[in-house]
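Worksheet for the structure shown next.
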2 protein chains.
Amino acid sequence: MPERRPRADATRNREAVLAAADDLFARCASPDEVTMAAVATAAGVGKATLFRGYGDRAGLLRALWQARLGPLWAEVEQGPPPLGPGTPPRQRVAALLDAMLCFKLDHRHLASALESSGAGSPYGTEQYARAHRLLRAELAGLPGQDSDFTAHALLSAVRADLVVHLAAAPDHDREAARTALAELVAAVLGDPVDRRADLTARTADEARP
Amino acid sequence: MPERRPRADATRNREAVLAAADDLFARCASPDEVTMAAVATAAGVGKATLFRGYGDRAGLLRALWQARLGPLWAEVEQGPPPLGPGTPPRQRVAALLDAMLCFKLDHRHLASALESSGAGSPYGTEQYARAHRLLRAELAGLPGQDSDFTAHALLSAVRADLVVHLAAAPDHDREAARTALAELVAAVLGDPVDRRADLTARTADEARP
DNA sequence: AACCTATACGGACCGACAGTCCGTTTTCAA
DNA sequence: TTGAAAACGGACTGTCGGTCCGTATAGGTT
């Protein structure tokens, strides 16, 4: 079997569809006002081409997400610290969550499209499973609670629709959000340094009668 | 204006619809195989009666959720400790989250129906706003991080689809889940007792070269 | 009991959208 | 050049949420 490579027009159209979809999701307020027909038209392509290329709506969303997430994930898997492997667990977990928050802030439209109209719940997607496995593995090297549940809980703090909700607030501030998340992570991990300082200060305040 | 009360058949039908919907959601695997027509038929009622009574699908879901959640919410607002008011913040937050976890475990089908096919994201519903306000208020009385974000993060740890996902695992154990959540809450709140003990142990381990 | 009307009922109907089918066009290797 | 595999596109279908409107009924009035 000579293993033909795909035809030129096919790959060209794949690209066009992804670009068109990205653009439309960015432009529209709600993900589900972006119909498959609209994507097809915007990409200058027939509807069947969408479905042939991606199976269904959820497939298109997943592919688009995958394409955008690719670089970040590569950095996580084989990049330098603090995202890459070989980083001490505490720092890597913090870096991972910070990166996810930033990524989702930068790709809100896609993120919410994926979660809401995408494929029901994010749990059960391969993406989620990978992120969860990684996080759980890092947490397992740390003292403290049930690493499986903790990984879920940390990931849930950067879920797309929560991020979208936070970012939609009139007084939203990216850096403040990152700080708040970092503090949460530190608290959950029981960061020895911050926690000790924090404890000390609080004790000093409260102990004074 | 004499403020007529609704006709007897109207209220009877309202009940019937709620009961039928609850039953159907419990019986079906995925929430969106429960069509409005099916609910109408199961309730022995015309489709228009559903829409007249609840506006749209999301409205029906919300009403159903509200009806089931009512008792719990009443307990939170005016019941005895630890759920009711007057409880010390740490304990009340823990009790609230535990209660939410249990409630969602007991009403998985409804919970996931509400979140997935319901009305897109839970943020923006009055229900969520109330829970968030309450939690934030309790957290504000505690030292530590940004109480607004922390409230969101804690609530996200008991989101319906996460709970459903956890409960679907073959080795799921209700008590273990409650414990894991309680530990998470303690960590996030920086529970002074547990935390200090924990710190001591860990420091002793790590400090030794 | 007969009557009257606001209120509610129900199922035929509509528009929209995800997903499919099939005749036509394009690529590309021989 | 040619022919067949690969890809295309838009008309078509099935389903579902939601509406419309003629009909039935509750329940107050006489």
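A, B, ... follow the sequence lines: proteins, then strands. Residue 1 opens every chain. Since we're looking at a predicted model, the values are computed, not measured.
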Without hydrogens or angle criteria, can the side chains of B:His152 and B:Tyr128 be said to hold a donor-acceptor pair below 3.5 Å? yes
Give the rounded distance in Å between these two atoms: CZ of B:Arg14 and P of C:dC9. 11 Å
Salt-bridge contact B:Asp106-B:Arg174 (side-chain N to carboxylate O under 4.0 Å): yes
List the atom of A:Ala94, the atom of A:Val185, and the distance in Å for their closest heavy-atom pair. CA-CG1, 4.2 Å
Counting only side-chain N and O atoms of A:Arg7, is one of them less than 4.0 Å from OP1 or OP2 of D:dA7? no
From the set D:dG27, C:dG10, D:dG9, return the single nucleotide nearest to any side-chain atom of B:Ala8. D:dG27
Grab the CG-P distance between A:Leu60 and C:dC17 for me, whole Å please. 16 Å
Where the side chain of A:Phe51 is defined as all heavy atoms beyond and including C-beta, which of D:dG27, C:dA18, D:dG18 is the nearest nucleotide? C:dA18
Between B:Asp161 and A:Arg159, does any NZ, NE, NH1 or NH2 come within less than 4.0 Å of an OD or OE carboxylate oxygen? yes
Assuming nearest nucleotide by heavy-atom distance, tell me which of A:Lys47 and B:Lys47 is located more 5' along DNA chain D. A:Lys47
Taking all atoms of both residues into account, what is the closest heavy-atom pair of A:Val93 and A:Leu154, and its distance? CG1-CD1, 4.1 Å
A:Thr49 vs D:dG9: side-chain N/O to OP1/OP2 distance below 4.0 Å: yes
Measure from OH on B:Tyr54 to C1' on D:dG18 and round the result to the nearest Å. 17 Å
Under 4.0 angstrom between B:Arg57 side-chain N/O and D:dG18 OP1 or OP2: no
Upstream residue (5' side of DNA chain D) when B:Asp56 and B:Arg12 are each assigned their closest nucleotide: B:Asp56
Would you please confirm or rule out a distance under 4.0 Å between OP1 or OP2 of D:dC8 and any side-chain N or O of A:Asn13? yes
Taking atom P of C:dT25 as reference, at what distance in whole Å does atom CZ of A:Arg52 sit? 15 Å
Take A:Met36 and A:Ala48, find for each the nucleotide of DNA chain C with the closest heavy atom, and name the residue whose nucleotide sits nearer the 5' end. A:Met36
Using atom CD of A:Glu33 as one end and atom P of C:dA16 as the other, report the distance to the nearest whole Å. 14 Å
May I have the distance from B:Leu61 (atom CG) to D:dG18 (atom P), rounded to whole angstrom? 11 Å
If I take atom CG in residue A:Asp9 and atom C1' in nucleotide D:dG9, what distance separates them, rounded to the nearest angstrom? 13 Å
